[in-house]
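Notes for the one structure printed next.
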Amino acid sequence: MPVTEEFHIAAIPGDGIGCEVVPAAIEVLQEIGKRLRVRFQFLTYDWGSDFYFKHGRMMPPDALDQLRVADAILLGAIGHPAIQDHITLNGLLLPIRRAFDQYVNVRPAILYPGVSSPLIGVSPGQLDFVVVRENTEGEYAQAGGFVHHGNPSEVAVQVSVFTRQGVERVIRYAFELAGRRNGKKRVTSITKSNAQGYGMVLWDRVFDEVKSDYPQVETESLLVDAATVHFVRRPQSFDVVVASNLFGDILSDLSAALTGSIGLAPSANLDPLRRFPSMFEPVHGSAPDIAGKGVANPLATFLSAAMMLDHLGLPEGSALLDSAIRDVLREGRVRTPDLGGHSTCREVTEEVMRAVRAGISAGNTLPN
Ligand code: NAD
Ligand code: IPM
Ligand code: MN
């Protein structure tokens, strides 16, 4: 069958379990590519902590230029117990999000059939929302410094930066997404404006302004401390949740746990304007406690890959992968220990590949 289109994907496995789940995702994507009659050209970069041990930096000086030409970036995780996290993350992951103005971080939280939530009484179908996280500024602006460094009188200043443009564009994205999603058409904005009287107050004001442009969407504003309670008490009520960089980070680990495992939580770092490549990665980190044991759950990365396929304009491929993952979870025979099973990353990968092939032969949505 002739190949009709070619996509260039930059793969950065990174550290720890990133080096297990990204190669697995590449295999699955190659399988899907064959069926879609598209070719995925993967360029795999060995950047990360091992690169740092050899070269004193997490990626080469021209790394962003190398990535710029890719259609998308697939990333595993960054972080090594022997290097301080602010060095590894500010040396690789965060510069990519900033340089490519990936200002929206989309983190779906779905409780899949066959998976149990730690919340009693919440069943699949009831928990299906998306955390939309601001991804380039806020508490992650990396503005500040040390005064009297290393002295007893040392002072550290860490400044949050909230710009009207930065806040407005992510809030607008959340409303647009609520309109597109087959959900409750509800946007919940989360701040802490009772204590943070400037940046978060600007956020609240912009949210109130933007919401009047979307009268068909229901809205709610919560303080972040109360929001953690509501995530646990009434997760069914959420549809699209929009929050600052730090709050979105914390809330998306919480929502991941509510859906059964962080090993099932995907994410998309998007430049919605498509000026730069967007980056797809699991929500989880390098998990040094299980790295090298072959038991990492690869499904969060596969689900991120499905988001990538959608972004690349391949919705049939995305649907095929998504339904293969759902089949494997529903059947429940092959699952990694984080989901209560005994299977390996390899076994789950093979099972998903089998489900992809079965989905195709069952006449899934793909043309032949
Ligand atoms: P983590 O997400 O790596 O691990 C938290 C817990 O979840 C661990 O017990 C781990 O074993 C488990 N877990 C995570 N992913 C799993 C998977 N796919 N399958 C099964 N179990 C899984 O968080 P952490 O321990 O706080 O961070 C470890 C390192 O990763 C740190 O250096 C941190 O800075 C970094 N980190 C990187 C990213 C990223 O690159 N995007 C994200 C989060 C944390
Ligand atoms: C995530 C991670 C990163 C973040 C860290 C590793 C800098 O936790 O992607 O959720 O906070 O954005
Ligand atoms: Mn996080």
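Quick caveat: nothing in here was measured; it's all calculated off a predicted structure. First listed ligand is number 1; within each ligand, the first listed atom is number 1.
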Quick one: does ligand 2 sit under 4.0 Å from the side chain of [X], the backbone, both or neither, non-hydrogen atoms only?
X	value
Arg133	side chain
Arg107	side chain
Arg97	side chain

Residue Arg39 excluded, over 12 heavy atoms near CZ under 6.0 Å: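 Counting neighbours around CZ of Arg39, 12 or fewer heavy atoms of other residues, nucleotides or ligands fall under 6.0 Å, so no.
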
For Tyr140, atoms of ligand 2 separated by under 4.0 Å from a heavy atom: 4 (C), 11 (O), 12 (O)

From the candidates Asp249, Thr88, Ile78, Ile250, the one that places a heavy atom nearest atom 10 (O) of ligand 2: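 Answer by nearest heavy atom: Asp249.
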
Would you call [X]-[Y] a salt bridge at under 4.0 Å N-O?
X	Y	value
Arg164	Glu209	yes
Asp101	Arg275	yes
Arg354	Glu347	no

So [X] and [Y], would you call those rings parallel, tilted or perpendicular, with 30° and 60° as cut-offs?
X	Y	value
His311	Phe280	tilted
His80	Phe53	perpendicular
Phe42	Phe40	tilted

Metal site the Mn ion (ligand 3), protein N/O/S atoms found under 2.8 Å: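 If we list every protein N, O or S atom nearer than 2.8 Å to the Mn ion (ligand 3), we get 1.
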
Cation over ring face, Arg169 and Tyr103, 6.0 Å, 45°: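 Cation-pi check for Arg169 and Tyr103: passes.
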
Pi-cation contact, Tyr140 with Arg133 (under 6.0 Å, within 45°): yes

Closest protein heavy atom (residue, atom, distance) for atom 7 (C) of ligand 2: Leu89 CG, 3.6 Å

Ligand-protein N/O pairs under 3.5 Å (ligand 1):
| unit_1 | atom_1 | unit_2 | atom_2 | d |
| --- | --- | --- | --- | --- |
| ligand 1 | 2 (O) | Gly285 | N | 2.8 |
| ligand 1 | 3 (O) | Gly285 | N | 3.3 |
| ligand 1 | 3 (O) | Ser286 | N | 3.4 |
| ligand 1 | 3 (O) | Ala287 | N | 2.9 |
| ligand 1 | 9 (O) | Asp289 | OD2 | 2.7 |
| ligand 1 | 11 (O) | Asp289 | OD1 | 2.8 |
| ligand 1 | 11 (O) | Asp289 | OD2 | 3.0 |
| ligand 1 | 18 (N) | His284 | NE2 | 3.2 |
| ligand 1 | 18 (N) | Asn297 | O | 3.0 |
| ligand 1 | 19 (N) | Asn297 | N | 2.9 |
| ligand 1 | 30 (O) | Ser286 | N | 3.1 |
| ligand 1 | 30 (O) | Ser286 | OG | 3.2 |
| ligand 1 | 32 (O) | Asp85 | OD1 | 2.6 |
| ligand 1 | 32 (O) | Asp85 | OD2 | 3.4 |
| ligand 1 | 34 (O) | Asp85 | OD1 | 3.3 |
| ligand 1 | 34 (O) | Asp85 | OD2 | 3.1 |
| ligand 1 | 40 (O) | Ile78 | N | 2.8 |
| ligand 1 | 41 (N) | Glu281 | OE1 | 3.0 |

Remaining members of hydrophobic cluster (4.5 Å side-chain criterion), Ile17: Ile290, Val295

Salt bridge (charged side-chain N to carboxylate O under 4.0 Å, His left out) involving Arg274 - partner list, sequence neighbours excluded: none

Shared hydrophobic cluster for Tyr214 and Val130 (ILVMFWY, side-chain gaps under 4.5 Å):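 Linked within one cluster.
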
